[in-house]
Structure formats: structure tokens, C-alpha cells
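Naming: A, B, ... by sequence-line order, numbering from 1 per chain.
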Amino acid sequence: MMTAGALLRAMQRIRAFEEALAGRPDHGFQLFSMGQEAVAVGVAAALGADDQLLTSGRSIAAALARGVDAGAIMAELLGKEAGTNRGRGGRGHLAQPAAGFFGAHAVVGGNLTIAAGVALALATRGRGIAACMFGDGACGAGALHETLNVAAVWRLPLLLVCDNNGYSISTPQAMALAPQPLAALAQPFRIPAVTVDGMDVEAVREAAVALAARIRNGEGPAFLECRSARFATHSTSTRETRAADELAADRARDPIVAQARRMQARGELDAARLAAWDEEARVAAVAALAFADAAAYPASGSVLEDVQ
Amino acid sequence: MMTAGALLRAMQRIRAFEEALAGRPDHGFQLFSMGQEAVAVGVAAALGADDQLLTSGRSIAAALARGVDAGAIMAELLGKEAGTNRGRGGRGHLAQPAAGFFGAHAVVGGNLTIAAGVALALATRGRGIAACMFGDGACGAGALHETLNVAAVWRLPLLLVCDNNGYSISTPQAMALAPQPLAALAQPFRIPAVTVDGMDVEAVREAAVALAARIRNGEGPAFLECRSARFATHSTSTRETRAADELAADRARDPIVAQARRMQARGELDAARLAAWDEEARVAAVAALAFADAAAYPASGSVLEDVQ
Amino acid sequence: MSGSAAATRVYFREAIARALSEEMARDPALVLFGQDIGRFGGAYREFTGLFERYGAQRVRDTPVAEAAMIGVGVGAAAAGLRALVSITYMDFLMLGLDPLVNYAAKARYKTGGQLRVPLVVKATAGARGQGVAHSQCIEAWLMSVPGLVVVAPATAADAYGLLKSALRHDGPVLFVDHKRLYPTAGELPAEETLVPFGRARIARGGSDVTIAAHAYTVRVALAAAEELAREGVDCEVIDLRSLAPLDVDTLVMSVARTGALVTVEEGQATCGVGVEVAARVREARDGEPFRVARVAALPAPVSSNPVLEAACLPDAARVGAAVRALLS
Amino acid sequence: MSGSAAATRVYFREAIARALSEEMARDPALVLFGQDIGRFGGAYREFTGLFERYGAQRVRDTPVAEAAMIGVGVGAAAAGLRALVSITYMDFLMLGLDPLVNYAAKARYKTGGQLRVPLVVKATAGARGQGVAHSQCIEAWLMSVPGLVVVAPATAADAYGLLKSALRHDGPVLFVDHKRLYPTAGELPAEETLVPFGRARIARGGSDVTIAAHAYTVRVALAAAEELAREGVDCEVIDLRSLAPLDVDTLVMSVARTGALVTVEEGQATCGVGVEVAARVREARDGEPFRVARVAALPAPVSSNPVLEAACLPDAARVGAAVRALLS
Ligand SMILES: Cc1ncc(C[n+]2csc(CCOP(=O)(O)OP(=O)(O)O)c2C)c(N)n1
Ligand SMILES: Cc1ncc(C[n+]2csc(CCOP(=O)(O)OP(=O)(O)O)c2C)c(N)n1
Ligand SMILES: [Mg+2]
Ligand SMILES: [Mg+2]
């Protein structure tokens, strides 16, 4: 069980990583998770070595939370051969199955049926569960329905995690999706579903651990909706559409600040320790960036490798 | 409002039509509705001249119930130029939009999103609703989810009718579908849903009329599940997989016999009148078959007509 | 390309927005469906101003559900409206092929002429650093579907003129707009000028070799032609514009003069646009020989990696090399 | 076709069932997914006996959800199993192209070699009186997808041998089985004989013209060859068997002898298999001329109507006419 401090530090590392990358607009656009760190960290805290995590294209937080090496992720995002995917996947396709991060897939909803298949393979092997993170936008896709149904009929060890930041690019959830809450989508399939505050890392962790336990217990799939908020624009090349006050209200719910405050209130953390952890995270991010910058691009002659 | 007798006679005409066609295996396979007549007749009874009905490939009952000419339907099923679709559509694609039967489509679940579009067009015009009949098998398809969602978000005048005969070819509902009842699928979208006995034509009619009234009233889509039973094999070229006793139990619930009995019990029908109606239906079917047999096949030279 | 004095210079996206706006004013039955096409104005800002002018009923933001987006557009069009469905990345057209190919392309035929589907599916194709699932060009698949018209403009004027023709056609049309064309500008004639289907455009006259391209690769071909001109090789560049129907006559007349054809496309060469273009020309010349070469993406997924994307895609250098090899 | 004494005569469906059963025995990781493939034994009875022998965990009846069927197969295969997904009608492959093309075909590439997807999608193609949405042949679309292998047997022996190769391949394979082949029978060698990818079969030797076909059209081509033989025209019929990779060498050697190539396919001619085959041969012969003609379905939906279906599909008469026209 990860401690409150470990949860906080994992979020700090993600934030620092993305801030370091954000300072470097010289590598095409990126899909940041700022504000949504608690979802990735809380879910990853419920997963073990035999488990696999799949995500949408917004995957930096999940990859780091799952323990994939920061340097390899940064190198991948900068298109370097030293990246997790040898620089072939890039933003939206980060993957390291050997580390339990089966990977991101940039097709909205496109990883859902894949995750059901991964869950089936794990069930056949007899060890591990699959968790799949997707956004609210994916809840409009038929793939979710087909996945919920087969997962329920076959009692697959699958944890479906909706990281609901309330928007699909510029489209607010309510304009595109009738279900309220989105967790209600699981009910017809008699799949247990919970909605939690995605800005509260301990709440996410507890819900994920509880649902994962049921799944490991052979009770079939479960659905976890985490209400989060995206602090940055959809991508670094997308224009912002939300009002300043809405953004300010979101930022006031910063999951990192909230966890730090909570720990301080519980007397588990003092300002000095917090600052030290922040600095540690910053240093790690700078190191990852340095590693990535020093790494080489793939040779153009390798363009036909690993096609078939 | 159709009378009890009108409902019965509509079912008798469908049964007689299919029995006449069944006696003629010389035109490829057919998809019969025997046993499911009450669903088509009850739903059609709730539709008016401005409305449009769409169905799955199992569409003979629906087309007849909607008032499409029996001779034209028979001609279509036998591939004749005099058919509703000039013999181009055939089994699985019967259509006569001018008669309010927008048509069948043989892709399972394939008519669902189309029906939502038809409903949107009708709403824009300001008159009429769209009804879409589909089987239990279509409830596993993502298209249903996407249709439920857009219909709810846009409050489309759409009546979704699941003609649940319990099987997708050989696959029992419970083996392929987790939701129980299937009407539960509408709940997350906050779409009103009802499950009725699909072998009881008056029950189907009442539920359809009530839901259609809500839809006409601008309250958005509705979902009607009708529990029916297929008396024949999936298609005339498909082998039977159900046990004899199961089939016998189904046939004991014959919607035509049930409606006749009910009317007799209510003193609305005597044996002579029933026999006369039966004979009328048989004669009409024979006439339809004679019309179709007399009609010509399309000219092979017309193969490139109406492509673009 | 220098237009008439009255012509105005507009960005590709402006040409599309103008065509849409004018057609919506002209035909009240026209409804648009797409992700973030409302207030947001579309991923490429090609829908700017339409929501404000025509409102939420006619400019509909949709959920991320390509199958329903196209299916609803098809049903609405078949039932009396006229629909344009915007697919932000052609890769995701795959999710909506069932309603497009199995229903829309066959509706008129299978109903014996009772139904028509005046639908335009606008699908944005091509690579621009977005990776393996946001870069594909599958227009060749749709070219093979009876009942579908497929157009792919390379200039602002053709985007405007072809989109207008598509929005007045009574059957389904695939309108392919390439990502890399959005930052480009071109001249739009002052007077409304529609571009008919099945009519190619000679983008550059020449006598030594015919280069046939469409969408963004027309610019690649023109760049190659400039280089080759310096070497004394005079290329004729034909912008196909309309892939189905194809303008075989214009191609045949050009090849009759040059005797050599190089096809260029960003999609795959296998079963692609170019191989079909060459075959149609050959069939029209019944057997009279001419030299042919095709340039296309290499047979690999298109990575977002800058090095690998560039290595995979056809560029002016590869087109130039193909022309030199063909003429040598 | 007469086989060795030891050979057994089996129906096409039996060849498939045998290959599946043997491979399931050989590889416990192999799982099958499909509609009604369990007790029912499959739409064409090609899964007969497998459910009884291997059970519900490995022979999985699925809901009618092609996207999930393929997606689950892809995920299971990528995570350590080996999957075969049965798509009863190739028309419905369209519903599952996203997981197949956007994920499976790119997984190895986009993960830098970390993932492999040992998946076979078995899609039943072709027309047999089932109408516009149950008759299409879209194998040419998949031929163009980097990362996919596409095979299409015409005989029981090749169905057996190619399916076995597919079930041992470490990447995604599209296995095309044509409806009209199910009632046919052929000889199966007594000893297990795998058929490698990329190797065509000379179904009939000849010297006047090369006819290239695949799946059911091989039988159409052979029938035409019989007729033509009576007229003294000696046709070589090449059964492509493997569409991606293509066996260009065998084609080139044949055309070198005959100087004429007629391609036959049941799908559309436009951007089809035949036009690609002819182009590969031409490229391999660098420019050395030969006569070419293609025979395919007419550009219309394939109706269930007996008259219109027959009018639309290529038959021996049309192949014969094409050969005569080419040689005259
Ligand atoms: C099938 C598909 N359609 C459209 C897109 C374009 N797209 C990329 S991200 C995105 C928004 C997804 O929103 P959500 O699922 O809520 O995830 P978030 O971006 O909020 O994390 C869209 C529409 C896509 N990648 N895939
Ligand atoms: C997308 C798709 N997949 C598979 C099929 C093959 N198929 C035809 S009918 C049918 C069964 C459908 O069952 P259901 O929806 O319950 O309708 P019913 O036949 O019971 O009336 C199937 C699987 C199809 N037509 N479309
Ligand atoms: Mg979101
Ligand atoms: Mg059923």
C-alpha cells in the first residue's frame, strides 16, 4: 500500500516532468495531464507487477505513475531512439508492456476493446488484471458499450477508469453525453460502478483498490469514474475555450496542493520536506530532459523496421 | 385507434403471407417473422402517416403491418421488377418510404443510427416520429449505445423497439448479453423504457401508443422491449438448434391464437368470423403470390441503373 | 498562379468556411455535424462563424462517435435534409464505414431509386506530425465503392468549388481535405465558381513528363517540377481533384504528348490512386505504350517521429528522382 | 486436380475445421472468437466439433459486435494468446477495421517492436444471393495496409495450408474464405502440408495467356480456360493465394512466356487486386510491354436478385471474352 507521501511524490514528479517538457515547445504539441495526476497515481497505486495499464492518448501521468522510466518517456516524447517505443510511438502511444504499462492509444475509445482482450489473456494466464483509463469523450463511443458487455458476459478482470475532466477538446460533457453520472453506463451490465473526486488522490486510490480487489476475487469487471479537471489546454497546440474563472476554480482544486495540505493537517508533512520533494521532482525532470536531449533520433533508414 | 379485430386480422394476413411464401422454397432463403407478428402489428398501430418505420432484416411483418402492398412485397422477395424496391433489395432490404416504411436494413444494428438521422429530419420538418425495430442481437452492438446517446442529447423523436425473440441465430440472449432486461440499456441515458409481452398484440399496441405520445409531445426518445418468440428457424436455410419442447412452449403462446381467444372470451368474435378472416388472409396471400409470380425479373441490362 | 484582379486571396480554411456558409444560406435543409465545429469553429478553424450565423440546430457539435455521426448524417440526408459530416482525421472514417459504404452508397440502388442520400463526408487526411493513427490517406478505398463520389482539392479555389458541387449533389460524396493545405492560401475568383466532378486541373503545363497528383501532393509535384525545370526537364503537373469519377481524358491527352506518367500520392502505392490512374490511361490508349512510375508513402505506418515521418512520405526529392529515372 | 493415393478428399469447410483443430491441439494459447461458432459450428459448419473438443473457453461465441470481436482478439493476441476472429461476412469487417488497421497492423511498429499481434481475422467474402450488404470483397483495401498479411485460398488444400501458416505467424493476418468455395471439395495431402505466404500456385499450365485470380474466381478462370482450350487458346491460370505478400516472380515468369495477363477478381476493378498485380509485373519487367486486361465485378452494388447478381459478377463468359479480345 503506497503511503500518502508516496502518492504525493508521484504526483509531484509528474507535474515537474510536464512542466519541464512544457518549457520546450520545440518538439511538436503535447497532451498534458496537469490537474489529473491524482487519477493516474491513485489508479496505479491499485496495480501490481502482474497487472497491465492501458490509457487514452493523454498518458504521461499514467506512464510515470506506473513506474516507466522518466528518461525513456521523455526521449519517446521527443522522438528519440532511446524512448520507450524507440521513438516510433511518440505522444499518444507511449508503451512499456514489460513494466505493466501496456500502453496508450490515441484513438478515442480505441483501447477499450483491446483492454478487454488483454484482460482475457491475463485471466487465461491466471494472474493479473487489466485497467483501462479513458476520458469522458470516449463514453460516447460504441466501443465502450461493446466492451462493457463482453467484459460482463465473460467476467473479465478489467477495471474501466473514466478520467472525466468534463471536456472533449472544447465540448463540455453535458453537451455530448446524456448519462449523468457517467458511471451509470455500467449499471445495465450489472457492473459495479463508483464515482469519486478525481482531485483527491487518496479517494481514487481507495476506490481503485477496493474495485481491483473484487476483480482479483473473480467477480468480473468494475467501473470507476474520477471527476478531474484539465489545467492546460487540450493539447499544447489547441486554443483555450474555458472562462478564466472556471479555470481558476479548477486550479484551486489542485490535487498536489490538496494532498500536501491534507498531510500537513495530519502532521505528516512539513514545509521543508515538501520543498525537498518538489526540488527532487524538478531535478529528476531536468535529468530526464537532459537524457532525452542527449539521445539520438532514429536513423531515417530504419523507417521500414518492425513493420511486419 | 385500431380495433382488437383489426389487430388480429393484420396478424392473420402476415401469417398467411409467410405461409404462402414458405410453400415456395424456390427463391432462396427467407427471414420469417412467424410468432413475432404482434410486435410489428402493435408498433405499427401506434404510427401515423407522417411517421417512418425502420427495421432489421426480419421485416416482412413490419412492412405488411405498415400497410405496404402485399403483392409488391412478395414481388420484391421473389426478385421481381414489380417489387417495392424494383427487385433490387430483396429479403432484408424491403422499403417504401412513401408509405411510411423507410425500410429494412440487413446489417444487424445498422439501421439504428440511420433511424436517429431520420428522426432528426422529421423533427426539423416538425411532423412525425421515427420508429426502429431491431433484435436482441443488435443490443450487443456499439451502434445502439451511440444512438441512445445522440437521441437523448438531441431529444430526437425516436421510438426504439427491441423485438427480443431471445436468440441471435443460435446464440441465446443470456450468452451474449449482460443486460437483463434489455430495456435497462436505456436507463443511463434517462430514456423512458418499458418491457412488454411481445406475444400480446394489445399490450404492445398500448405501450407503443403511450411512448409514441410522449415522443410526439417533444419529450425525446423512448425504448420499448417486446419479449417475443420466433416460431421458424433463423432463416429458411438455417438449421434449428432449439429443443422441441422449447419450441412447443413458444408455439403455445401464438399471438394470433391468443388474440382470437381473448376476443372470443370478450364476446367480440365467433368461430365463423375467425374462419372467414383466416380465409380472407389466405386468399390475399395467394393473390400476392400470383401477382409476384406473374411479374417479370429485372432486365440484366439494368444492373448499372440507380448506382449514382 | 495569378488570379484575376477581382480575385481575393484566402486561406484554404476560409475557402471551406465560405463555401459552407454560402450553401447553408442557399439551402436551409443543409445541416453540419462534427466534433467541436460549433463555437470552437473546427479543428482547423474551417467552421469559423457558422455556429454564430446558423445556430446549434444546423451546426451540430457531436459526441466522439464517428459511426453515429455518419449514420445520423446518412439518415437525415435520406429523409429529406442535406448533411455534411466532418471527420477530423480520415483514420477515424474507418469507424463510420458501415453507414457510409453499406448504407449510403447502396441506398439508391437497393431501394430501386426510392432513396437518395445527399451527404458529404469531409475527412481530413494526411500526416503532419500526429502519428500512426492520425495520418492515414485511405481515399483509394472509397474510390472503389460504387455509388460514392470522391474529391480531393489542392487549392483554396478548388476546395470552394468542389465543396459547393458536393453540397449540391444528390448522392454521397467523400470530400478529402489534407491537413497540410490548411496553412496555405490561394486565390478565389470574385464570382462564385463551382468545380464539376470528373474534371482534372492542369496545375503546370509541360511536355516531357506527366505528373498526376491530388491534394497536398500536388504541391510536392509542383516543387519537384521547379527543381526539374532547372535541369531542363519540363513537367506537366495534373491535379486530379476528382478521384471518382476520374478525368481520364485530360490524363490521356497529356500522356499522349509526354509519353511518360509519374503518379504521386501520400497514401500507400499498393491498390492506390496512382496505380488506378495509370491503368485507366493505359486502357484508354489501348495498349499504346508509355513509361510509368509511381511515388507514394513507403509501406510502413506513418510515425509522428519527425525523422521517420519525413522518411516515409513522398517528397519533391523522391518525385524528382522518379522522373529522372523514368526519363533516363 | 488428382492428388496422391494417400490424399483424402474433403470439403473446404472440413479443411478449415481440421486446420483449426490441429493448431488448437498444437498451441494451447490459440483461442477462437466468432458468432455462432460454438455448438452451432459456424455459419458454414467450418467450426464443427471444435467446441465439443476444446470447450467454451477456447471456442467463444460472441455477441454481434464486430468491433469488440476484433478488438478483443487483438488485445488477447498482443498480451500473449493467439487469436482467430471469425467475421461471417466480409462486409462487416468494416465495423472492426479500427482495431485491425489502427491498432493490430501498427502495434509492432508503434511500440518499437515491444508488441506482436498473432491474430488471424477470417472473413468470408463474396456473393451468393445474400444481397448488397452480405456480398462484398474488400480484400484489396487490406492489401494496402502495411503490417497485414492477406491470403485467399481457392482450394481445400490451400485453405488448410494457409490457415496453418496464418495461425503460426507472429503478426496479424487476414484470411479470406469465399462463400462459394464451401460446397466444393478438394484433395488434402495425407501428410500435413503448410502453404507459405507469398507463394502463388499454377492452377493450370498454359502458354498463350496468363490469367491471375484468387479465391472463388480461380474456379471461374479455370472454367473459362476449359472453354478457351476448345478454341485452341491455351491459358495458364495462376492462383495468387497470397495477396500480401504477392508472388511477383511466378507471375513474371508466366507473363514472360505468354506476353499477356488477364486479372480476375470478384471485388471492384478500381484500386483492386488485379490492377496491382499487373503493375507489379510491369515494374518487375521494367517497361517491357505485355498485354493486360482486368475482369471484375461491374461498378454496382451486388444485389441478391438472381438476374442482377449474375449480371454484376465476373463469370467464365466474361473472362473468355476478355481473353479473346486481348489475343485478337
Ligand atoms: C475516434 C477518434 N475521434 C476523434 C479523435 C480526436 N480527438 C483526440 S482527443 C479528443 C478528445 C477526447 O476527449 P476525452 O476522451 O474526454 O479525453 P481528454 O482529452 O479530455 O483527456 C478527440 C475528439 C480521436 N483521437 N479519435
Ligand atoms: C453486423 C452484422 N453482423 C452479423 C450479421 C449476421 N446476422 C444476420 S441476422 C443475425 C442475428 C441477429 O439476431 P437478432 O438481432 O436478435 O435478430 P433476429 O434474427 O433474432 O430477428 C446475424 C448475426 C449481420 N447481418 N450484421
Ligand atoms: Mg475529457
Ligand atoms: Mg433475436
Side-chain angles (χ1 to χ4, degrees), chain C residues 66-67 91-103 105-110 131-133 136 138-147 243-244 246 267-276 278-280 282-283 287 289 291-294 297-304 308 312 326, chain D residues 66-67 91-98 100-103 105-110 131-134 136 138-147 243-244 246 267-276 278-280 282-283 287 289 291-294 297-304 308 312 326:
Chain C
E66 282 73 13
D91 313 67
F92 309 132
L93 186 57
M94 292 182 210
L95 292 155
L97 284 176
D98 173 58
L100 180 61
V101 176
N102 291 331
Y103 194 104
K106 296 168 174 61
R108 179 174 175 175
Y109 192 88
K110 77 166 188 166
V132 297
Q136 293 164 89
I138 58 170
E139 54 268 33
W141 295 6
L142 285 305
M143 267 177 80
S144 73
V145 177
L243 304 180
L246 258 181
Q268 288 294 308
T270 298
C271 303
V273 175
V275 70
E276 180 65 26
R280 295 279 183 95
R282 176 166 291 100
E283 285 159 359
R291 285 152 299 169
V292 183
R294 45 179 172 172
L298 298 187
V302 182
S303 172
S304 58
L308 299 177
C312 193
L326 197 66
Chain D
E66 282 73 13
D91 312 68
F92 309 132
L93 186 56
M94 291 183 212
L95 292 154
L97 284 176
D98 173 58
L100 180 61
V101 176
N102 290 332
Y103 194 103
K106 297 168 174 59
R108 179 175 174 174
Y109 192 87
K110 78 167 188 166
V132 297
H134 289 67
Q136 294 165 87
I138 57 170
E139 55 268 34
W141 295 6
L142 287 306
M143 267 177 79
S144 73
V145 178
L243 304 180
L246 259 182
Q268 288 294 307
T270 298
C271 304
V273 175
V275 70
E276 181 64 26
R280 295 279 183 95
R282 175 166 291 99
E283 286 160 358
R291 286 152 300 168
V292 183
R294 46 180 172 171
L298 298 187
V302 181
S303 173
S304 58
L308 298 177
C312 194
L326 196 67

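- Contacts of C/Val292 with chain D are absent, with no heavy-atom separation under 4.5 Å from either backbone or side chain.
- Of all the heavy atoms in D/Glu276 and C/Ala269, the pair that sits closest is OE1-O, 3.7 Å.
- When the candidates C/Lys110, C/Arg280, C/Arg282, C/Glu283 are compared by the number of heavy-atom contacts under 4.5 Å with chain D, C/Arg282 comes out ahead.
- To the nearest 0.5 angstrom, D/Lys106 atom NZ is 12.0 Å from C/Ser303 atom OG.
- Of the atoms belonging to C/Ala244, not a single heavy atom falls under 4.5 Å from chain D.
- To the nearest 0.5 angstrom, C/Gln268 atom CD is 13.0 Å from D/Cys271 atom SG.
- The candidate from C/Ala300, C/Gly96, C/Pro289 with the greatest count of non-hydrogen atom pairs under 4.5 Å with chain D is C/Ala300.
- In this structure, CE on D/Met94 lies 7.5 Å from CG on C/Asp98, to the nearest 0.5 angstrom.
- Considering every non-hydrogen atom in both C/Thr270 and D/Ser144, the closest pair reads O-CB, 3.2 Å.
- Looking only at side-chain heavy atoms (C-beta outward), D/Asn102 and C/Gln136 come within less than 4.5 Å of each other.
- Of the atoms belonging to D/Leu246, not a single heavy atom falls under 4.5 Å from chain C.
- Neither the backbone nor the side chain of C/Leu100 comes within contact range of chain D, judged by heavy atoms closer than 4.5 Å.
- Separating the CG atom in D/Leu97 from the CD1 atom in C/Ile138 is a distance of 8.0 Å, to the nearest 0.5 Å.
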